[in-house]
Amino acid sequence: MTPHELPVGPPELGITLSAASRIEDGWLIRDLRAGRGLDGPPGILQGGFAAGVSVAAAQVADRFGAPVTGLRARLFAPTPLQVDLEIGVRPTDRVATYEVETRRAGKVLVAAEVELAGHEVGARAGDLAELARVALPEPRPQEVFPTCWVCGAHPRHPLGLRLHPAPLTPGIEVCAWVADDGLGAAGILDPLIVAAVLDCPTQWAAYPTIRDAGGAGGLLGGYEVRWYHDPPVMEPLRVVARHDGADGRKHRARSAIVDEDGVIYALASALMVAVPEIPSLPS
């Protein structure tokens, strides 16, 4: 990283924004680049990362420094790795809410809204919280997304988590996790890592239904994350998910980071589109 770059998430991750910015048609624009090894599908930025960079871009533009409340994103096209991109931010007519777009050559790859008004109060997801107390299932390394930064058996990045699928029953995932202290600052898990980690279990919760219908996997098309507490590093956590159903190729699933007392730190809702073949881009 150079003095002209700002880290997005932990500096060792390899996602950067340019320190310099410019104004174009009311958007505050910065250059964005995601380095090698941050795959979801090969050569493509992992979906939670692709959505989560919007939080960092909004935080750089925000003057007040409030913790993130929530993120809502639509993913229109794959975000490539090791390619020069740009990310634009502009305020909306709602307090503490920003519109964010990730673009390449003028094409919108991800469009998001980010709210920076402090954490939500009172998570309502009892069916996910109850998974804090079930017996932990055995992790099952997978080869569908073998190089995925979160769940791949063979990640290309030194910080790759190898958070393997762990089905309790078909449609329910319960993954044990202790986040390394390099994944946050001051003992708190970085919001970008939260967004990434909540993505993959929704894929695996939906995967049995996708597979039985002849699909190769699901690609993240819509994503919403809400924060309720600061997730700690170096403490036992669980990442849990449930498949909520399908409408043709569209699948919906929810996930959460919880502790063994049932405290919900963050919740996500994902819309995935089943595909007959996993895409890839040149690495």
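Computation of the quantities below employed the complete heavy-atom set of this structure, encompassing side-chain atoms and omitting hydrogens, waters and symmetry-equivalent molecules.
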Could you pull out the closest heavy-atom pair between [X] and [Y], with the gap in Å?
| X | Y | result |
| --- | --- | --- |
| V178 | P236 | CG2-CA, 3.9 Å |
| G47 | L75 | O-CD2, 3.9 Å |
| G152 | H164 | O-CE1, 4.0 Å |
| Y223 | A51 | CD2-CB, 3.8 Å |
| A129 | I264 | CB-CD1, 4.0 Å |
| M272 | Q203 | SD-CA, 3.5 Å |

Could you see if [X] belongs to whatever hydrophobic cluster contains [Y]? Use Ile, Leu, Val, Met, Phe, Trp, Tyr and a side-chain cutoff under 4.5 Å.
| X | Y | answer |
| --- | --- | --- |
| Y265 | L71 | yes |
| L163 | F145 | no |
| L220 | L161 | yes |
| F49 | L6 | yes |
| L219 | V110 | no |

Roughly how far, to the nearest 0.5 Å, is [atom2] of [Y] from [atom1] of [X]?
| X | Y | atom1 | atom2 | value |
| --- | --- | --- | --- | --- |
| C148 | Q142 | SG | CD | 7.0 Å |
| D31 | T16 | CG | OG1 | 9.0 Å |
| T202 | D244 | OG1 | CG | 10.5 Å |
| H229 | I188 | NE2 | CD1 | 12.5 Å |
| L81 | L281 | CG | CG | 8.0 Å |
| E173 | L131 | CD | CG | 10.5 Å |

Distance-only, no hydrogens or angles: does the [X] side chain make a donor-acceptor pair with backbone N or O of [Y] under 3.5 Å?
| X | Y | result |
| --- | --- | --- |
| S280 | P42 | no |
| R140 | P165 | no |
| E5 | S18 | no |
| T69 | G118 | yes |
| R33 | Q82 | yes |
| E24 | W27 | no |
| R226 | E120 | no |
| E115 | A117 | no |
| R133 | D261 | yes |
| T92 | T97 | yes |

Suppose we screen for side chain to side chain contact (heavy atoms under 4.5 Å, CB included). Which residues come up paired with P146, at least two apart in sequence or across chains?
E143, H154
Residues at least two apart in sequence or cross-chain that pass side chain to side chain contact (heavy atoms under 4.5 Å, CB included) with S21, listed by chain then number, are L28, R30
Decide if atom [atom1] of [X] counts as having more than 12 heavy atoms of other residues, nucleotides or ligands within a radius under 6.0 Å.
| X | atom1 | answer |
| --- | --- | --- |
| R74 | CZ | no |
| R252 | CZ | no |
| R72 | CZ | no |
| D247 | CG | no |

The test is side chain to side chain donor-acceptor pair (under 3.5 Å); show your working for H157 and D39 and say whether it passes.
CA-CA 9 Å; H157 195 287; D39 310 67; over 6 Å; no
Single hit among R104, R22, K107 for salt bridge (Lys or Arg N to Asp or Glu O under 4.0 Å) with E86:
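The single option meeting the salt bridge (Lys or Arg N to Asp or Glu O under 4.0 Å) with E86 is R22.
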Decide yes or no for [X] and [Y]: does some side-chain heavy atom of the first lie under 4.5 Å from some side-chain heavy atom of the second?
| X | Y | result |
| --- | --- | --- |
| E12 | P158 | no |
| L159 | W149 | yes |
| P232 | L237 | yes |
| L189 | V197 | no |
| W227 | L267 | no |
| L198 | V239 | yes |
| P170 | T209 | no |
| L183 | D190 | no |

I would like to know whether V194 and I257 meet side-chain contact (heavy atoms from CB on, under 4.5 Å); could you show each step before the answer?
CA-CA 8 Å; V194 171; I257 296 176; 4.0 Å; yes
Please collect all ring-ring contact (aromatic ring centres under 6.0 Å, His included) contacts where either partner lies in residues 172-211, sequence neighbours excluded, each pair once.
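Matches after skipping sequence neighbours: W204-Y207.
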Evaluate the side-chain contact (heavy atoms from CB on, under 4.5 Å) criterion for residues V100 and V53: first the C-alpha distance (whole Å), next the side-chain angles of each, then the deciding distance (0.1 Å), finally the verdict.
CA-CA 9 Å; V100 186; V53 295; over 6 Å; no
Would you please test L136 and R238 for side-chain contact (heavy atoms from CB on, under 4.5 Å) and show each step?
CA-CA 9 Å; L136 288 169; R238 295 187 179 194; 3.5 Å; yes
Would you mind checking if E113 and R94 are paired as a salt bridge, meaning a charged N to carboxylate O distance below 4.0 Å?
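Salt bridge present between R94 and E113.
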Derivation of the side-chain contact (heavy atoms from CB on, under 4.5 Å) call for I87 and L85:
CA-CA 7 Å; I87 191 162; L85 308 167; over 6 Å; no
Sole residue of V8, L17, V89, V55 in side-chain contact (heavy atoms from CB on, under 4.5 Å) with V60
L17
